[in-house]
Amino acid sequence: KQARLIKKMIWTIKFNSKYNGEFIFGGDLFEYNGEKYHEELYTKTYYDPQYSAIFDSIYTINKINNRIKYITDNDSNKLNRKVFININSGVIIGTKEYKNYIDSNFFNNLIQRKICQIDCVNDYLIYSCNIEFNEGTSQQNPSTNYFNEFPELILNSKKLEYNFIFKNEDLFEKIFDKYYFLIIFRNNTKSKNKDSWYLGEPFYRKYTFSMNLDSRTIGFYFEEEENDNQLNNIKNNIIK
């Protein structure tokens, strides 16, 4: 920008496929591709110098009974609702509260039955599951597909008026004969910012965003129809 080669200090990571994408800098996406990205649908919020923002609530929806469980809400400590953007990470780092929920409501049972396991690698806890997890090979109950039962994770932002929804296909990746959970957790509970989320590649692979270093804003392009469908789905789940 100092050399006047670009007009704005904006960068974007845009995935075209799972392993292919573009790093775009110097302008807004509606200037780069106006047919796909519409300026009137651009929504932004401020972030602090550490690339973090505050979400209003983080919750899950149980696939079996449609029950909503709030991991954090607007009354929670701001630190618990603080989310960092980490472009150098291929995974999401979750909080202790979320780990406790998925352990008691999902993983503990599968770990006991040796369908899944948890390992400590470089002071991080990582979950992995065998083929039976998603391919219905259980001799006791061959029709059970645990992958499909995994609860959705939702991050809500009132400023953006949007729910960031992560489904099972966003949170698990098959590598050879194992399914790896793409949210990991710190083993050291005394570490700094242990109660904050760090959103890596699973987040920005699904949700393209732009960082504006001049105005310190992070912006997204949300389609109106998509937003309306989201709100209706959430309302239906709450009513149920």
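Please read these numbers as outputs of a predicted model, since none were measured by experiment.
- Crowding of Lys114 atom NZ: a count of heavy atoms from other residues, nucleotides or ligands under 6.0 Å not exceeding 12.
- Counting all heavy atoms, side chain and backbone alike, Ile87 lies closest to Tyr204 at O-OH, 2.9 Å.
- Residues satisfying the side-chain hydrogen bond (donor to acceptor under 3.5 Å, both in side chains) test with Asp170, not counting sequence neighbours, are Lys206.
- Considering all non-hydrogen atoms of both residues, Ile115 and Glu132 come closest at CD1-OE2, 3.4 Å.
- Minimum heavy-atom separation, Gly200 to Ile92: N-CG1, 4.0 Å.
- Put simply, the residue from Tyr221, Phe30, Phe220 that forms a ring-ring contact (aromatic ring centres under 6.0 Å, His included) with Tyr37 is Tyr221.
- Nearest heavy-atom pair, Ile93 versus Ile183, reported as atom, atom and distance to 0.1 Å: C-CG2, 4.5 Å.
- A pairwise comparison of heavy atoms in Asp103 and Lys99 identifies OD2-NZ, 2.7 Å as the closest pair.
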* To do: Run the numbers on Phe55 and Trp197 for ring-ring contact (aromatic ring centres under 6.0 Å, His included), then give the verdict.
  => CA-CA 10 Å; Phe55 279 72; Trp197 289 81; 9.5 Å; no
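- Under the side-chain hydrogen bond (donor to acceptor under 3.5 Å, both in side chains) criterion, Lys159 pairs with no residue at all, not counting sequence neighbours.
- Few gaps surround NZ on Lys1; more than 12 heavy atoms of other groups in view lie less than 6.0 Å from it.
- Taking a 6.0 Å sphere around NZ of Lys63, one finds it holds more than 12 heavy atoms contributed by other residues, nucleotides or ligands.
- Enclosure of atom CZ in Phe25 is not indicated, since only 12 or fewer non-hydrogen atoms of other residues, nucleotides or ligands lie within 6.0 angstrom.
- At most 12 non-hydrogen atoms from other residues, nucleotides or ligands lie less than 6.0 angstrom from CD of Glu39.
- Environment of NZ in Lys44: sparse, with no more than 12 heavy atoms of neighbouring residues, nucleotides or ligands closer than 6.0 Å.
- From Thr12, atom OG1 reaches atom OH of Tyr32 across 10.0 Å, with rounding to the nearest 0.5 Å.
- Centroid-to-centroid, the aromatic rings of Phe203 and Phe164 come within less than 6.0 Å.
- A salt bridge links Asp28 with Lys8; the closest basic N to acidic carboxylate O contact falls under 4.0 Å.
- Scanning both residues, Tyr42 and Gly219, for their nearest heavy atoms gives OH-CA, 3.5 Å.
- Environment of CG in Asn122: sparse, with no more than 12 heavy atoms of neighbouring residues, nucleotides or ligands closer than 6.0 Å.
- For Ser89, the side-chain hydrogen bond (donor to acceptor under 3.5 Å, both in side chains) criterion is met by no residue, not counting sequence neighbours.
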